[in-house]
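Residues: numbered from 1 along the sequence shown.
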Amino acid sequence: MNLHSLLLFFHLVGIVVWIGGMFFAYVCLRPTIVELFEPPQRLQLWRGVFGRFFVWVWWAVALIAASGMTMFGQYGAGAIPPGSHLMLASGMLMIAIYVYVTSVPYPTLCRAVDAGDWKAGGTALNRIRQMVGSNLLLGLLTLGFATLGRYLA
């Protein structure tokens, strides 16, 4: 096994955790929560879910960024595979969106749940939902750049 294979493994593990988690939360968990719970219980549940998921995403982001930049550095100037620059740009945008979610609407959601302010909590949760939906689509686009980028050249 060579270093590139190990880096690619870590890169893919991080991607599976992050994008897979967003897909599960957005497509499977969210509709079920809406069907089964009233707003106060929904908000409390999402606070707990995000509290656990975001810890894993921080690790995933660290793995993705470290492995990706190391693999990027393995190529000589001008030898970077087609699509990689697009993958890097969209990945960085995903990270920026994630940092925004964890530093603005998620703390707002936590404060609102602690205070029993369900309206403010709902507003914060809706913002998180929008950002997660955008990041999920962007993540799928990023996967496209990574796997189909050679056809862009």
Side-chain angles (χ1 to χ4, degrees), residues 1-37 42-111 113 121 123-153:
M1 177 171 30
N2 61 27
L3 178 61
H4 183 79
S5 296
L6 188 61
L7 291 168
L8 185 58
F9 170 76
F10 286 127
H11 202 71
L12 292 174
V13 166
I15 290 165
V16 167
V17 167
W18 192 7
I19 295 176
M22 287 190 296
F23 182 89
F24 171 76
Y26 200 87
V27 176
C28 302
L29 185 59
R30 182 178 165 271
T32 302
I33 289 173
V34 169
E35 289 173 3
L36 296 178
F37 299 105
R42 278 186 226 157
L43 294 170
Q44 292 169 334
L45 180 61
W46 276 118
R47 180 185 183 189
V49 168
F50 290 141
R52 287 177 173 84
F53 180 59
F54 289 161
V55 170
W56 286 100
V57 176
W58 280 118
W59 283 105
V61 166
L63 270 178
I64 294 165
S67 60
M69 295 312 292
T70 303
M71 286 188 289
F72 220 75
Q74 288 181 325
Y75 295 101
I80 294 169
S84 294
H85 287 96
L86 292 171
M87 179 179 57
L88 174 63
S90 60
M92 291 180 74
L93 180 56
M94 287 181 68
I95 292 169
I97 291 169
Y98 172 68
V99 168
Y100 166 76
V101 166
T102 59
S103 59
V104 179
Y106 177 63
T108 301
L109 172 66
C110 292
R111 285 190 300 274
V113 168
T123 300
L125 182 60
N126 188 51
R127 188 67 184 141
I128 294 169
R129 179 192 59 78
Q130 293 169 344
M131 295 289 93
V132 169
S134 297
N135 236 10
L136 175 57
L137 291 175
L138 191 54
L140 296 173
L141 181 65
T142 304
L143 286 172
F145 293 147
T147 57
L148 304 172
R150 68 186 69 136
Y151 300 111
L152 298 174

Is a donor from one side chain sitting under 3.5 angstrom from an acceptor on the other, for Gln44 and Arg47?
no
For Ser5 and Asn2, test the side chains for any donor-to-acceptor distance below 3.5 angstrom and give the result as yes or no.
yes
Report yes if the side chains of Met71 and Phe10 come closer than 4.5 Å at any heavy-atom pair, otherwise no.
no
Is there a donor-acceptor contact under 3.5 Å linking the side chains of Tyr98 and Trp58?
yes
State, with a plain yes or no, whether a side-chain heavy atom of Leu88 is found less than 4.5 Å away from one of Met69.
yes
Inter-residue atom distance Leu136.CG - Ile19.CD1, 0.5 Å rounding:
7.5 Å
Residues in side-chain contact (heavy atoms from CB on, under 4.5 Å) with Leu36, at least two apart?
Thr32
Taking the six-membered ring for Trp, are Phe72 and His85 closer than 6.0 Å centroid to centroid?
yes
Does the side chain of Val61 reach to within under 4.5 Å of the side chain of Trp56, using non-hydrogen atoms?
no
For the residue pair Ser90 and Met94, establish whether any side-chain heavy-atom pair is separated by less than 4.5 Å.
no
With a 3.5 Å distance limit and no angle check, can you tell me whether Arg30 reaches the backbone of Ala25 through a side-chain donor-acceptor pair?
no
Nearest-0.5 Å distance that lies between atom CZ in Phe23 and atom CG in Leu140
8.5 Å
From Leu86 CG over to Leu148 CG, what is the distance, rounded to the nearest 0.5 angstrom?
12.0 Å
Does any N or O in the side chain of His11 come within less than 3.5 Å of the main-chain N or O of Ser67, such that one atom is a donor and the other an acceptor?
no
Which one of Leu125, Val132, Asn126 satisfies the side-chain contact (heavy atoms from CB on, under 4.5 Å) criterion with Arg129?
Asn126
Could you check if a side-chain atom of Gln74 sits within less than 4.5 angstrom of a side-chain atom of Leu7, using non-hydrogen atoms only?
yes
